[in-house]
Amino acid sequence: MPPPGRPSPLRLIDLELDLEVFAGPFDLLLTLILREEIDLLEVDLADVVITYIDFLEARGELDLELATEFLVLITALLELKSRLMLPGEELEDLLELAPDEAAAELLERLLAAHRYRGAADFLSARLAAEGPYRFRSAPLPEPLARATLPLADAIYPPARLTRAIGALLTLPPQVNVSHIPTAKVSVAERLAHVRALLRRGSFRFDDAVIGADRVTVAVTLFALLELYKQGELAWVQERPFGEITVAATDRSARGLRASA
Amino acid sequence: MSLVRDVEALLFLSSDPLDLAVIAEACEAEPDAIAAALTELAHGYRQRDAGIVLRELAGGWVLASHPDAEAAARRLLAKPRTPPLSGAQAETLAIVAYLQPVSRPEIGRIRGVNAESATQTLLERGLIEEAGRSQFGASLYRTTELFLKLFGLGSLADLPDPSAFDPAPEVEEELRERLLAAGEARRGDRATDSTPPADALSG
Amino acid sequence: MSLVRDVEALLFLSSDPLDLAVIAEACEAEPDAIAAALTELAHGYRQRDAGIVLRELAGGWVLASHPDAEAAARRLLAKPRTPPLSGAQAETLAIVAYLQPVSRPEIGRIRGVNAESATQTLLERGLIEEAGRSQFGASLYRTTELFLKLFGLGSLADLPDPSAFDPAPEVEEELRERLLAAGEARRGDRATDSTPPADALSG
């Protein structure tokens with residue numbers, strides 16, 4: 001923690017994490033772990049450290065206060081996690097061990113690992129031997145697939161239904177779409193634009209969309225397709241991604257007269 | 001003879017009827033030999049009054065349990081036939097219960113997602129049944145007597161008042177209209193049928 | 001006799017092992033009579049070299065196809081029945097089978113490596129399931145009925161004594177000597193030796 005009265009200008013709240021089990025500021029991760037809403041065993045602490053180092057590199061300077069705070073917290077987390085990984089008071093016991101006792105403990109673990117590797121081989125062989133026995137898994141015949149009235153017990157609570165109805169009555173929160181720009185361009189508008197250009201006889205597609213945004217380009221293409229379908233224009237593209245030349249046809253002249 | 005054994009094993013493992021040619025190919029034998037094996041099997045089942053019978057259906061040959069064993073089967077299966085309801089099933093069933101008769105498209109509109117699979121399961125389990133057709137030709141559904149019994153209800157009038165779970169009691173529209181309006185609003189949000197975990201008894 | 005027929009029909013309909021008492025209740029007969037019927041069925045299958053066998057697994061009785069029909073079954077169903085286990089999965093399953101209920105960190109400690117992905121796969125395959133939480137909040141695991149069924153075990157008591165897999169005494173002795181020698185060598189510099197286990201970081 002930073003010393004009282006001297007809050008560091010840059011707090012660990014700025015350390016944004018993106019881990020498998022958690023995304024958000026480091027502070028919040030700590031809170032959630034302390035409230036046991038996140039299982040510390042599932043948290044990859046190495047990733048937290050790497051994020052911190054990246055964070056330092058990006059800042060280009062070592063803030064000693066911040067570094068101390070981080071070290072204290074990550075050490076506490078590491079200790080807590082290693083305790084969780086050991087059952088009961090084993091950690092304390094282990095730290096008190098003399099070297100020869102520690103060696104005995106290690107031997108015990110090696111033997112256990114050996115034992116379960118042997119058991120694993122046994123199970124694998126057993127499964128292979130059992131493979132040729134297959135079991136039937138078929139849906140029940142229709143008449144047997146439902147409970148019959150005389151044998152039916154009341155097993156479903158009616159509240160299950162009202163809860164479902166209550167959930168269905170809930171209106172979803174309004175989605176904020178203010179960040180999506182509304183389309184300012186209409187097909188009619190682009191049709192008029194393209195028809196105006198067609199009066200010249202022919203034009204390049206690029207000229208029809210000079211300075212236009214992607215939506216406008218798409219709508220313009222759509223307008224061209226519409227006119228092409230009606231036989232008012234013909235277009236040529238010599239090679240892929242090459243220039244598109246649009247030319248009026250006889251019918252477009254008639255169309256122009258009609259719309260004039 | 002081992003061909004009869006193989007044929008019996010295949011029939012035992014397959015829940016769908018097996019075509020003679022399909023059995024022949026799997027057993028690497030001639031269709032005639034398979035036909036003879038089938039005859040021998042059927043004869044054996046009849047002779048020893050087995051709990052299994054061999055039946056020839058449209059699609060081929062299939063094993064089934066003996067019809068006389070049905071009473072015992074019902075006693076065995078009475079309980080497993082009432083598995084917990086999934087979220088989708090509970091929603092669909094609630095809509096049918098409160099709005100019956102109601103059509104499948106309407107259920108889908110309220111839930112915001114297709115109700116086909118949930119409706120099918122509820123039909124198979126006998127919790128809902130068809131109740132005629134709407135003016136547009138869609139099947140209408142209502143709950144069954146079995147539904148009342150499984151939920152411990154004397155009649156539909158005993159269904160709990162939904163206003164207890166009502167998030168907006170001040171809205172005085174009919175339940176059907178409010179469900180449809182909420183479904184309409186939800187439609188964009190729920191592209192897929194995300195079923196919440198089953199919890200029939202936890203309510 | 002019709003009791004044998006009923007018992008056979010029930011076994012045919014159920015894909016999970018059936019307990020003797022459950023069969024007796026469904027058939028409205030005495031357990032002794034059911035035991036006799038089961039013996040008669042099993043004997044009949046063996047005598048006529050049937051494609052079906054009767055097996056006692058996971059604390060109950062279940063029908064299976066005859067293993068000699070496996071080649072034909074494979075051709076028909078075009079898939080192996082149970083995919084084999086990876087080494088990590090087999091080790092994890094062995095630890096759960098012998099030490100259940102056991103937590104994932106404990107499995108990791110015994111194996112010396114993280115058991116996350118193997119545990120996940122075993123859960124998905126239905127061979128193990130959650131069995132509450134340890135005092136530290138870690139999920140505990142145990143084996144399922146499906147495990148017993150697929151591994152041909154009547155109960156967990158059918159697993160061999162795990163000491164059968166211990167290394168030979170002379171191997172154990174050698175390990176012990178090497179470790180003790182290492183311990184002696186380290187005796188001098190242990191003042192600062194209070195490092196948490198190396199795998200705490202990678203968990």
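Chain letters run A, B, ... following the sequence lines, proteins first, then strands; residues in each count from 1.
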Heavy-atom distance under 4.5 Å to chain A: side chain of [X], backbone, both or neither?
{"X": "B/L159", "result": "side chain"}
{"X": "B/T144", "result": "neither"}
{"X": "B/L99", "result": "neither"}
{"X": "B/L93", "result": "both"}
{"X": "B/F151", "result": "both"}

Worksheet item: What's the spacing between B/L148 CG and B/L156 CG if we round to 0.5 Å?
Response: 5.5 Å
Worksheet item: If you measure from CG on A/L221 to CD on A/E226, what distance do you get to the nearest 0.5 Å?
Response: 12.0 Å
Worksheet entry | A/T162 side-chain N/O to A/A159 backbone N/O, donor-acceptor pair under 3.5 Å | yes
Worksheet item: Relative to chain A, which of B/A73, B/S15, B/A94, B/S14 shows the most heavy atom pairs under 4.5 Å?
Response: B/A94
Fill in: Heavy-atom neighbours of B/E145 CD exceed 12 at 6.0 Å
no
Worksheet item: Side-chain contact, heavy-atom cut-off 4.5 Å: A/L224 with A/F205?
Response: yes
